[in-house]
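Encoded as structure tokens, the structure appears first; notes follow it.
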2 protein chains.
Amino acid sequence: MDNTIKVERAILDLTQDELAKRIGVSRQTINSIEANRYVPSTVLALKLSEVFNKPVNDFFKLTDD
Amino acid sequence: MDNTIKVERAILDLTQDELAKRIGVSRQTINSIEANRYVPSTVLALKLSEVFNKPVNDFFKLTDD
DNA sequence: TAAAAATGTAAACTATATTTGTCATATAGT
DNA sequence: ACTATATGACAAATATAGTTTACATTTTTA
């Protein structure tokens with residue numbers, strides 16, 4: 001799984017903490033997702049989709065592994 | 001969370017078991033998702049997106065609760 | 001109408017997402 | 001230099017997702 005959360009966040013000029021608050025998770029959750037330490041739930045992905053105003057597939061991509 | 005997996009599956013004329021095999025999960029996983037017993041991971045949602053050839057947002061929607 | 005295929009559901013279990021707490025580092029402004 | 005802000009990372013604990021097994025019910029088809 002690859003993601004471009006960091007880019008989307010930069011477009012909106014949000015800090016990790018601000019984004020986290022907007023979707024109701026901890027800052028560490030955002031940080032861990034950006035660092036590819038884990039993949040978020042579909043609910044979280046859809047909330048990010050709302051904030052970014054883009055479909056989930058735009059910022060989450062499956063990789064071979 | 002609402003989903004229209006059952007409809008997408010019908011469009012492709014797949015059984016729960018066939019869809020399950022295509023994305024590498026158990027039949028019960030598909031059944032449980034269709035029955036709204038739980039929401040799948042983003043990885044699974046993206047795999048469904050591949051099979052259905054539609055963005056995740058097309059068949060998964062956030063609800064108020 | 002009987003057999004086979006498809007679906008629904010539940011309990012126990014395993015895997016993973018998320019929180020909380022904490023520390024380190026880097027940067028910008030005073 | 002000092003302070004505040006933003007980020008990266010990690011470990012332990014908790015919550016939730018997903019698997020397996022098993023059995024029941026419905027639907028399809030021969």
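Throughout, protein chains are lettered first and strands after them, A, B, ... in sequence-line order, and every chain is numbered starting at 1.
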Can you pull every protein N or O that's under 3.5 Å from an N or O on nucleotides 25-30 of chain D?
none

Please give, in whole Å, the distance from [N] [atom2] to [X] [atom1]?
| X | N | atom1 | atom2 | result |
| --- | --- | --- | --- | --- |
| Glu18(A) | dA6(D) | CD | P | 6 Å |
| Asp17(B) | dA5(C) | CG | C1' | 10 Å |
| Glu34(A) | dT7(D) | CD | C1' | 9 Å |
| Asn36(B) | dA10(C) | CG | C1' | 17 Å |
| Asn3(A) | dA17(C) | CG | C1' | 15 Å |
| Ile5(A) | dG8(D) | CD1 | P | 13 Å |
| Ile30(A) | dA9(D) | CD1 | P | 15 Å |
| Gln16(B) | dG8(C) | CD | C1' | 8 Å |

Candidate pair Thr29(A) and Ser32(A), rule side chain to side chain donor-acceptor pair (under 3.5 Å), full reasoning: CA-CA 5 Å; Thr29(A) 293; Ser32(A) 295; over 6 Å; no
Looking at [X], does any N or O in its side chain come under 4.0 Å of the phosphate oxygens OP1/OP2 on [N]?
| X | N | value |
| --- | --- | --- |
| Lys6(A) | dG8(D) | yes |
| Asn31(A) | dT7(D) | no |
| Arg9(A) | dT7(D) | yes |

What pairs of nitrogen or oxygen atoms, one from the protein and one from nucleotides 18-23 of chain C, lie under 3.5 Å apart?
from    : atom 1 : to       : atom 2 : distance (Å)
dT18(C) : OP1    : Ser41(A) : N      : 3.2
dT18(C) : OP1    : Ser41(A) : OG     : 2.8
dT18(C) : OP2    : Ser41(A) : N      : 3.4
dT19(C) : OP2    : Ser26(A) : N      : 3.0
dT19(C) : OP2    : Ser26(A) : OG     : 3.0
dT19(C) : OP2    : Thr29(A) : OG1    : 2.2
dG21(C) : O6     : Gln28(A) : NE2    : 3.3
dT22(C) : O4     : Gln28(A) : NE2    : 3.2

Base paired to dT30(C) (Watson-Crick or G-U; both N/O distances under 3.5 angstrom): dA1(D)
More than 12 heavy atoms of other groups within 6.0 Å of Asp2(B) CG: yes
Within residues 35-54 of chain A or reaching into it, pairs that qualify as ring pair (Phe, Tyr, Trp, His ring centres under 6.0 Å) - sequence neighbours excluded: Phe52(A)-Phe59(A)
Non-neighbouring partners of Glu18(B) that pass side-chain contact (heavy atoms from CB on, under 4.5 Å), sequence neighbours left out: Leu14(B), Thr15(B)
Counterpart residues, salt bridge (charged side-chain N to carboxylate O under 4.0 Å, His left out), relative to Lys6(B) (two or more places apart): none
Residue closer to the 5' end of DNA chain C, Leu14(B) versus Val43(B) (nearest nucleotide): Leu14(B)
Selection residues 40-61 of chain B - residue pairs positive for salt bridge (charged side-chain N to carboxylate O under 4.0 Å, His left out), sequence neighbours left out: Glu8(B)-Lys54(B)
Side-chain heavy atoms of Phe60(B) within contact of Val56(A), under 4.5 Å: no
Leu19(A) and Ile5(A), any side-chain heavy atoms less than 4.5 Å apart: yes
Nearest non-hydrogen partners of Pro40(A) and Ile33(A), listed with the distance: CB-CD1, 3.6 Å
